[in-house]
Protein chains: 4
Amino acid sequence: MAFDFSLSARVEQWRDTIADFVATTVIPREQDAFTHGVNDTLRVELQQAAKAAGIWAPQASAELGGGGFRLDEAGVLLEQAGHSLLGPLALNCAAPDEGNIHMLTVIATAEQRARYLQPLVNGDVRSCFAMTEPAPGAGSDPSALQTTATKVAGGWRIDGRKHLITGAEGAAFSIVMAKDSETGKATMLLVDTDNPGMTLTGHARTIDTTMVGGHCQLTFDNVFVPDEAVLGEPGEGFRYAQVRLAPARLTHCMRWLGAAQRAHDIAVERAVGRHIFGSVLADHGMAQQLIADNEIELAAARALLRESSWALAEGDKGSESSSRTKVFVSEVTGRVVDRSVQLCGGLGTSEELVVGRIYADIRAFRIYDGSSETHRMSIAKRAARRATARADRA
Amino acid sequence: MAFDFSLSARVEQWRDTIADFVATTVIPREQDAFTHGVNDTLRVELQQAAKAAGIWAPQASAELGGGGFRLDEAGVLLEQAGHSLLGPLALNCAAPDEGNIHMLTVIATAEQRARYLQPLVNGDVRSCFAMTEPAPGAGSDPSALQTTATKVAGGWRIDGRKHLITGAEGAAFSIVMAKDSETGKATMLLVDTDNPGMTLTGHARTIDTTMVGGHCQLTFDNVFVPDEAVLGEPGEGFRYAQVRLAPARLTHCMRWLGAAQRAHDIAVERAVGRHIFGSVLADHGMAQQLIADNEIELAAARALLRESSWALAEGDKGSESSSRTKVFVSEVTGRVVDRSVQLCGGLGTSEELVVGRIYADIRAFRIYDGSSETHRMSIAKRAARRATARADRA
Amino acid sequence: MAFDFSLSARVEQWRDTIADFVATTVIPREQDAFTHGVNDTLRVELQQAAKAAGIWAPQASAELGGGGFRLDEAGVLLEQAGHSLLGPLALNCAAPDEGNIHMLTVIATAEQRARYLQPLVNGDVRSCFAMTEPAPGAGSDPSALQTTATKVAGGWRIDGRKHLITGAEGAAFSIVMAKDSETGKATMLLVDTDNPGMTLTGHARTIDTTMVGGHCQLTFDNVFVPDEAVLGEPGEGFRYAQVRLAPARLTHCMRWLGAAQRAHDIAVERAVGRHIFGSVLADHGMAQQLIADNEIELAAARALLRESSWALAEGDKGSESSSRTKVFVSEVTGRVVDRSVQLCGGLGTSEELVVGRIYADIRAFRIYDGSSETHRMSIAKRAARRATARADRA
Amino acid sequence: MAFDFSLSARVEQWRDTIADFVATTVIPREQDAFTHGVNDTLRVELQQAAKAAGIWAPQASAELGGGGFRLDEAGVLLEQAGHSLLGPLALNCAAPDEGNIHMLTVIATAEQRARYLQPLVNGDVRSCFAMTEPAPGAGSDPSALQTTATKVAGGWRIDGRKHLITGAEGAAFSIVMAKDSETGKATMLLVDTDNPGMTLTGHARTIDTTMVGGHCQLTFDNVFVPDEAVLGEPGEGFRYAQVRLAPARLTHCMRWLGAAQRAHDIAVERAVGRHIFGSVLADHGMAQQLIADNEIELAAARALLRESSWALAEGDKGSESSSRTKVFVSEVTGRVVDRSVQLCGGLGTSEELVVGRIYADIRAFRIYDGSSETHRMSIAKRAARRATARADRA
């Protein structure tokens, strides 16, 4: 048979357990987290509960202690976790650790696995991924990388500045992307947070508030790391970044899809309970349009995401498919949350209804991990290349 | 394994044959058809060629002589046929015959199968589906049905008016939806075109031009049909309409998705060959945005359509899923074609480039088989019902 | 001559002074205000500076000490002030005081003017407008009003709850909308904040942060006010609300148009200074699209707003025109700010660039003072009435 | 007083007369024109009626026999004429003659005025404007001009090809844009249709059908014209094109705004008369949304158009303002007509309801006279230049 969109029993079981866990254990902590911030105390508490519930790290490999689900199956679970902005953190499938776990699983040496990966999967530590730089450095265009790694005796010296490094405060280590000062090629290096010379020099005051550790500025001033700190091979940084980025884009989509679904659910539940202008809000045509558009776009986003995740899990390199999906899901979820705010009316922008918090937090998703514009450029170029090939054949 | 989005070898083989057939046999006839209209001579010629190519009626059951593909697999093939506005006609998977074939296959008696269905599958005759009525009759709201079927000795008398009946001119028979004058319930009846009393009283002059037989007005004045003309059971007309409508919505989506893909392909091929303001058109950022948006939305439409078709093929009643998909695909394909027109510039609205013809022809798809608004209303009501149930549980 | 879109010399002079004042005096205080909130100390400091600059309360009548500009001319000035989220506050033309000043100017008795209006125009005190109630009370549908005013000897007793009352904390008085418990008609009453029985019972934690006093919940428990506290006539509350609402919608549009223009200006200035993928960001086609869409929509919003303000100033009751303008300007400014965030990339959601703060703060504008949906309903009804009249004539 | 949006009595009087004329004289001829095409017989008949009604050529100068209205006032009248696709033709204010009349009025010599302009204003003849060329010639990028004008004894020799030349068939003369083969600069030349060597070599089969003479291909093969055929100065063609284009963009906006208003009026009139799902269609929320969006955007388009026309009439060169307005009005009117089609349901794409015809005819307006993309590029560049200047000052 050609197609199969059904869920395996194990996926369904985890999904239902996660739904229950999020509802009973995570959501009750949200308002406090929104008011006082998300700190490691809360993280550890939630993570212990998730472990106890048997839903730990669905996407991490089984031998490391995770659920061992394939990316397409994990999609169901990460979406479910994403119903709370704290859910992925609780299950240890949140950014940036989830992406780092994936990349380290593929690339790290045995020693690096023991020292960095296993504690990360365990939730014993957090990590960050230090690629983005302030202008004119590497942002949407990674080739503009300015942080340097210079070969010195027994290791490398790192110099430069990073910003918007999510989760850097409180992380045990950073995966740092730097340019080999000799070859100009990118290299990834593992830097322990207690390394003198790597300094947290500030936080961006962004409108999202639920990422542990915030969005940090890091300064690398004469930072020495030994040769064993290189992740994979020197000069292969951009290739490894792709290893991380294609699935990481999709896991972002999964989590935010859950958040958008939550916002929609809240809005519709509210709309069926409110009376306005003589009838139930949910029966008004314009409210129906908002509701239906959400239903339609959420379904389309989910279908596209599932197909992309399947392709990636099947071995497709997935860059084009994941680009399309990232643009689509980030824009759909943005619109869904916006409509949900509108449906909720006066309290729509409040944290009490959660929808307002999701609205502010989700905005950056159209920008990070490749802005919509960057992905569109890349998608269009590939389409143009195919059209040229067709024209040449004809 | 949970998911499978791969195509079977047989689907791939048919798809490639159809692609070749459309390119070499159908497309060369387009300009002539655009200029002089699509008539049965052209239809028969193309259909014989399709039979000879071994790609006849992919969606019809094998015992009747069709390809016997499930709905989800047929989707791949109908989309491919849809690359030409004449392709589905050539393969006998065009509206309204394709939907009638499906419904008759499910409902017709042995005698009706022999007399109506088999010749229809063979392409020996055409048919039409006479449901829509001029205001204040049945349009988006089928319950407003005004055409009556009155029980008389040995049969039924039909009286009323229908309009926008696609393909009525030249059809061998109509499937007529009428209201039992006694019970008020809807009944479907088979009416031969040579039945005196059923008269073709006009055509709507719509901006689409490629439907054989056009969009007709029919008048039923004292039309007698025998009891055997009833399709299925009297009073079950609305239930049967659902048998037809849910899959028919999806097959419309499949065909129009192919047409939209064609428009996009033409536009991109043109954009890679044109120089403007000092560079290739396809390299301009705004052209890239048009191209990328098309690529993204076509992929999302295809994924959602495939999932809905799978669900329907698996036995889901599919009304909600197919409603969502109909709205999404009809709106996506409309936007894709609109962007393709824009990309083609001055000739974008011309028939010579085909894109202009698709633009005019596709517009009504957001209206027929349930307008976007009607489906949205239905989708929102179901979502509201679920939210109420959740709220009641909580 | 039929049309004149030119600005008078006095408007131009005030506009330029305001531009300079905002740039040199207000904007330098923004980051501090974003971090620590906007309090009355900052307000008073900025207001004294605005008075010194000769740009005090442009929309307030001259005899009260304001600029005395007509609504259409004031539009130019309020937009200019709106370039900073703190600008309107500094010039005493911010919500809710600006709307209250307008309404009191039209309706208040001499005594009320002396006691409430003049100190308000002076900036000696702040005020609030207490209409919105928690569900199932008055929100978008004011007829659902639940707070009651009961006639008692020498005055009225007010009971009920209000929420989302902007600026209530720290206000000297509230203008309270209540339903006459006998007649069911709405009445407006002036309630001093030190009135026992009126209690501030909470704040909504919304994603906007720059309104002095926040969005408050008020409880009215057996609140006594004397007869002189009635604003205008008892039972005329809804009519007075219209006096306030039509111009207040437009002044919101003016201020937010300035904020959107600011976001756009920041984004374009940034885009001309950044290099990415080998050229200046502002030269990339997709960036050009964002920039051009902002330019186009800002111009359209300004033109429509000016026309509506002129109509209102000329004596048009303006309800339909101001409804159209409110929907259009609130949606345009939302899109403009969203595009500006996108153009700014990684820092687009930050307060440091200001754009992120505007993004979060502007969202509620599509909801308050009549949601987009409420206004659309009202606009469509009027259009339908006109069409019916045309049809009747024909 | 700063602003004045009121209409003069003379504008109102003409507007009302035009409204009456269109309703009673032009609209009755529409269906016939849609079915059989618009020819010069119909044109002459309608034009004589318009002259008799005293509403001839509102935009043409009074000394030539036109109404002598300024561009901003003419906007009211051209919009009113545009309520029928045949209205502007009837009043001799249709493209391309209206634009040619304007340009010739500004540039032509006394002899050219007598020979070409006066008969054109009279409606004795039609004309065309031959600028656009097939790829790789001049389309959106006029600098790609390939048709050449070569100086020869006593005149010029023109060689090249043009396409999409609206109204060429049946025109008495063409204004041809050609590149001086020596200097490379553009020159405009007047070419009589009976000039041997200028041949009508085809028509584009576009989806619009109501332009007299269609969209033609012209071939210039060794065409000789005398020196007096040069319009203005040789080498000044692009400058003159600007003289034509900025106001011509706006007059297109005026006419299409009228057509969009007509589509909207038809749709709403229909919606107030139809019952569906238990209530009047116009009372359904989703229909209200379509209606309200049309009302809002039509008002915004009108306000922006009026402001741009005023600026141009006041002497502003107007290129930026008219670019913004062209993009906005062409996109708004496209959306308004699309929504009107949707509101009309099954007959929405028909010519009988007129809305379908407008839908097909209006599509090209987003492409010709500068595509949306070309204008956006130009608008963004100017915005970027201003931002650079601001940044330099700061």
Side-chain angles (χ1 to χ4, degrees), chain A residues 1-8 11 70 72-73 76 264-265 268-269 271-273 280 282-283 285 287-297 299-304 306-311 313-314 321 324-325 327-328 373 375-384 386-388 390-391, chain B residues 1-8 11 70 72-73 76 264-265 268-269 271-273 280 282-283 285 287-297 299-304 306-311 313-314 321 324-325 327-328 373 375-384 386-388 390-391:
Chain A
M1 200 179 60
F3 300 120
D4 193 352
F5 292 78
S6 58
L7 300 186
S8 74
V11 168
R70 265 169 60 121
D72 46 356
E73 299 194 313
V76 178
H264 172 61
D265 288 347
V268 183
E269 281 162 37
V272 297
V280 170
D283 290 344
Q288 290 179 325
Q289 178 139 347
L290 294 168
I291 294 169
D293 280 347
N294 280 0
E295 291 274 325
I296 293 164
E297 292 203 329
R302 195 171 284 119
L304 185 64
R306 208 153 284 180
E307 186 175 348
S308 288
S309 308
W310 172 81
E314 289 284 308
S321 168
R324 280 194 307 251
T325 301
V327 176
F328 187 72
E373 290 71 29
H375 284 297
R376 280 194 169 89
M377 188 175 68
S378 142
I379 292 164
K381 281 184 179 169
R382 288 164 188 267
R386 281 192 297 270
T388 303
R390 282 199 308 272
Chain B
M1 199 179 61
F3 300 121
D4 192 352
F5 293 78
S6 58
L7 300 185
S8 73
V11 168
R70 266 169 60 119
D72 48 354
E73 298 194 315
V76 179
H264 172 61
D265 289 347
V268 183
E269 282 162 36
V272 296
V280 170
D283 289 346
Q288 290 179 324
Q289 178 139 347
L290 293 168
I291 293 169
D293 280 347
N294 280 0
E295 291 274 323
I296 292 164
E297 292 203 327
R302 196 171 284 119
L304 184 64
R306 207 154 285 178
E307 185 175 347
S308 289
S309 309
W310 171 82
E314 288 283 308
S321 169
R324 280 194 306 252
T325 301
V327 176
F328 188 72
E373 288 73 27
H375 285 297
R376 279 194 170 89
M377 189 174 68
S378 141
I379 292 164
K381 281 184 178 167
R382 289 164 188 266
R386 282 193 296 271
T388 303
R390 282 199 307 274

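So you know, we letter chains A, B, ... as the sequences are listed, proteins then strands, and number each from 1.
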Going by heavy atoms in the side chains, are [X] and [Y] under 4.5 Å from each other?
X	Y	answer
A/W310	A/R70	yes
B/R382	B/R324	no
A/R376	B/Q288	no
B/F5	A/D4	no

Bottom line for A/V268: the part with an atom under 4.5 Å from chain B's heavy atoms is both
*Side chain from CB out, backbone as N, CA, C, O: work out which of these in A/R390 comes under 4.5 Å of a heavy atom of chain B, or both, or neither.*
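Side chain of A/R390 only, per the 4.5 Å heavy-atom cut-off to chain B.
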| request: Nearest 0.5 Å please: distance from the OG1 atom of B/T388 over to the NZ atom of B/K381. | output: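 Result: 13.0 Å between the selected atoms.
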So CD of A/E295 and CZ of B/F328: to nearest 0.5 Å the spacing works out to 14.0 Å
Heavy-atom pairs under 4.5 Å with chain A: which of [options] has the most?
options	answer
B/H375, B/M377, B/R306	B/R306
B/G285, B/A299, B/S308	B/A299
B/A300, B/A282, B/A301	B/A300
B/I379, B/V76, B/L304	B/L304

**Prompt:** Given that the side chain runs from C-beta out, which part of B/A271 has a heavy atom under 4.5 Å from chain A: side chain, backbone, both or neither?
**Reply:**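 For B/A271, there is no contact with chain A at all, as no heavy atom is under 4.5 Å.
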Next on the checklist: Counting heavy-atom pairs under 4.5 Å with chain B, which one of A/N294, A/D283, A/D293 comes out on top?
Outcome noted: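 Maximum pair count with chain B is reached by A/D293.
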